[in-house]
Amino acid sequence: MQLSFSRLLSLGLAAAMLAGCGALTPAARLRQADGLSARSVAGLEEGFNLIYGAAFARADANGDLNVDEFEAGPFIDVRDFRQADDDRNARLSEKEFRAWATRGWLFGLFAQDQKTFVRQQRRTLLGHFQKLDTDRSGLLAPAELADAALLAARIRLDLKGIKTAVQVDSIDELDLKQADKTGDGQLSQGEFEDFILSAWARRINPPRQPAAN
């Protein structure tokens, strides 16, 4: 049976599209599926690393790049610590710590890997942004970022795997200036997302005060 030229062309285009989909990176497939911009995905992926890096740094009290059972105490129960310690050396590397932190709950059925984090926080932070954007301008003015508004928005991050929860309920003048990359005195959705991710990380691992002499 002979195929017409138009039919062959259609089949060729379909094959090319399928081949192209197979060549996409995971991040590209995520953008394609969820309609996210490259910048949005990249920013949220960076935020994922920033937040879990901050959690590990907070737990690693002595800065030796490992978390022992004593350091893990506030974050991971003893029984869970032993399960997280894959190589059984009585210490958690950042890889082991992060694997446990993102495992989720109910036997790990809801693990929060990077892709899940991006999808979840994109929806969550968009919802917060829209709630704060009371004049529907697509930008957040300083008045819309008042402490009362942020407190009411409950911009909270809960890392269940390591018993850590933080909330952003204020933004000072310096924070706003640093977050405002365009210098227009307001925050776009992307600027808002970057600010919140950074603020969560700072609250998870606040700067340590130098020891008194």
Side-chain angles (χ1 to χ4, degrees), residues 30 34 36 39-60 67 72-77 80 84 97-136 138-180 186-208:
L30 177 59
D34 290 357
L36 306 184
R39 178 65 196 125
S40 295
V41 171
L44 288 164
E45 287 176 344
E46 291 167 7
F48 174 88
N49 291 322
L50 184 67
I51 284 165
Y52 283 103
F56 178 76
R58 175 68 183 274
D60 180 21
V67 173
F75 309 98
I76 303 174
D77 295 333
D80 293 337
F97 181 89
R98 185 178 295 208
W100 185 264
T102 58
R103 182 178 177 180
W105 57 101
L106 290 179
F107 307 103
L109 295 178
F110 301 98
Q112 189 177 50
D113 59 12
Q114 189 178 65
K115 184 167 71 172
T116 305
F117 179 89
V118 168
R119 284 180 172 156
Q120 178 185 344
Q121 296 306 328
R122 181 59 168 170
R123 290 192 300 267
T124 300
L125 293 177
L126 175 60
H128 289 314
F129 181 87
Q130 291 173 335
K131 183 176 181 179
L132 291 168
D133 183 21
T134 54
D135 64 3
R136 300 296 181 264
L139 294 168
L140 297 181
E144 293 172 312
L145 293 165
D147 290 355
L150 290 171
L151 186 61
R154 288 185 57 81
I155 306 175
R156 179 182 174 89
L157 178 68
D158 193 356
L159 306 181
K160 295 181 182 297
I162 50 173
K163 297 186 287 187
T164 298
V166 289
Q167 181 169 318
V168 178
D169 50 22
S170 65
I171 176 171
D172 61 29
E173 187 176 345
L174 180 59
D175 284 337
L176 181 59
K177 185 175 181 181
Q178 291 177 339
D180 178 20
Q186 304 178 95
L187 297 188
S188 66
Q189 183 184 336
E191 290 170 333
F192 172 74
E193 288 177 356
D194 288 346
F195 162 69
I196 295 299
L197 292 164
S198 297
W200 278 338
R202 289 197 303 272
R203 283 159 174 74
I204 289 170
N205 186 32
R208 296 176 185 177

Check: Distance from Glu46 atom CD to Glu193 atom CD, nearest 0.5 Å?
Finding: 12.0 Å
Notebook entry, point to check: Does some side-chain heavy atom of Gln167 sit less than 4.5 Å from a side-chain heavy atom of Leu151?
Noted result: yes
Checklist line | Test side-chain contact (heavy atoms from CB on, under 4.5 Å) applied to Glu144 and Thr134, step by step | finding: CA-CA 7 Å; Glu144 293 172 312; Thr134 54; 3.2 Å; yes
Notebook entry, point to check: Where do Asn49 and Arg98 come nearest, in terms of heavy atoms and distance?
Noted result: OD1-NH1, 2.9 Å
Item checked: Asp113/Arg119 salt bridge by N-O under 4.0 Å criterion -> no
Next item on the list: Output all residues satisfying salt bridge (Lys or Arg N to Asp or Glu O under 4.0 Å) with Asp77, sequence neighbours left out; order by chain, then residue number.
Entry: Lys163
Next item on the list: To the nearest 0.5 angstrom, please state how far the NZ atom of Lys177 sits from the CG atom of Asp172.
Entry: 12.0 Å
Next item on the list: Measure across Ile162 and Ala55 and return the closest heavy-atom pair with its distance rounded to 0.1 Å.
Entry: CD1-CB, 3.5 Å
Next item on the list: Go through the steps for Phe97 and Thr102 under the test side-chain contact (heavy atoms from CB on, under 4.5 Å), then give the verdict.
Entry: CA-CA 9 Å; Phe97 181 89; Thr102 58; over 6 Å; no
Margin query: If the condition is side chain to side chain contact (heavy atoms under 4.5 Å, CB included), which residues does Ser170 pass it with, not counting sequence neighbours?
Written below: Asp147, Arg203
Next item on the list: Check step by step if side-chain contact (heavy atoms from CB on, under 4.5 Å) holds for Trp200 and Gln121.
Entry: CA-CA 12 Å; Trp200 278 338; Gln121 296 306 328; 3.4 Å; yes
Next item on the list: Could you walk me through whether Phe48 and Tyr52 pass ring pair (Phe, Tyr, Trp, His ring centres under 6.0 Å), step by step?
Entry: CA-CA 6 Å; Phe48 174 88; Tyr52 283 103; 5.0 Å; yes
Note to self: For Leu150 and Ile171: C-alpha separation, side-chain torsions, deciding distance, then whether side-chain contact (heavy atoms from CB on, under 4.5 Å) applies.
What the structure shows: CA-CA 8 Å; Leu150 290 171; Ile171 176 171; 3.6 Å; yes
Checklist line | Interatomic distance, Lys131 atom NZ to Arg154 atom CZ [nearest 0.5 angstrom] | finding: 9.5 Å
Item checked: Heavy-atom side-chain contact between Phe117 and Ile51 under 4.5 Å -> yes
Note to self: Within the structure provided, determine whether Asp133 and Asp135 are in side-chain contact (heavy-atom separation under 4.5 Å).
What the structure shows: yes
Notebook entry, point to check: Considering only heavy atoms from C-beta outward, does the side chain of Leu159 approach that of Val166 to under 4.5 Å?
Noted result: no
Check: To the nearest 0.5 Å, what is the distance between CD1 (Ile196) and CD (Glu191)?
Finding: 12.5 Å
Notebook entry, point to check: Leu145 and Leu187: which non-hydrogen atoms are nearest, and at how many Å?
Noted result: CD1-CD1, 3.8 Å
Check: Do you know the tightest heavy-atom contact between Leu125 and Phe192?
Finding: O-CE2, 3.7 Å
Margin query: Tell me every residue that passes salt bridge (Lys or Arg N to Asp or Glu O under 4.0 Å) with Arg58, counting only those two or more places apart in sequence or in another chain.
Written below: none
Next item on the list: Specify the closest pair of heavy atoms between Arg122 and Gln189, including all atoms of both residues, with the distance to one decimal.
Entry: NH1-NE2, 2.9 Å
Item checked: Over all atoms of both residues, closest heavy-atom pair of Leu50 and Ala201 -> CG-CB, 3.7 Å
Next item on the list: Without swapping roles, check the side chain of Arg202 against the backbone of Pro207 for a donor-acceptor pair under 3.5 Å.
Entry: no
Next item on the list: I would like to know whether Glu45 and Lys115 meet salt bridge (charged side-chain N to carboxylate O under 4.0 Å, His left out); could you show each step before the answer?
Entry: CA-CA 8 Å; Glu45 287 176 344; Lys115 184 167 71 172; over 6 Å; no
Item checked: Non-hydrogen side-chain atoms of Gln186 and Leu140 separated by less than 4.5 Å -> no
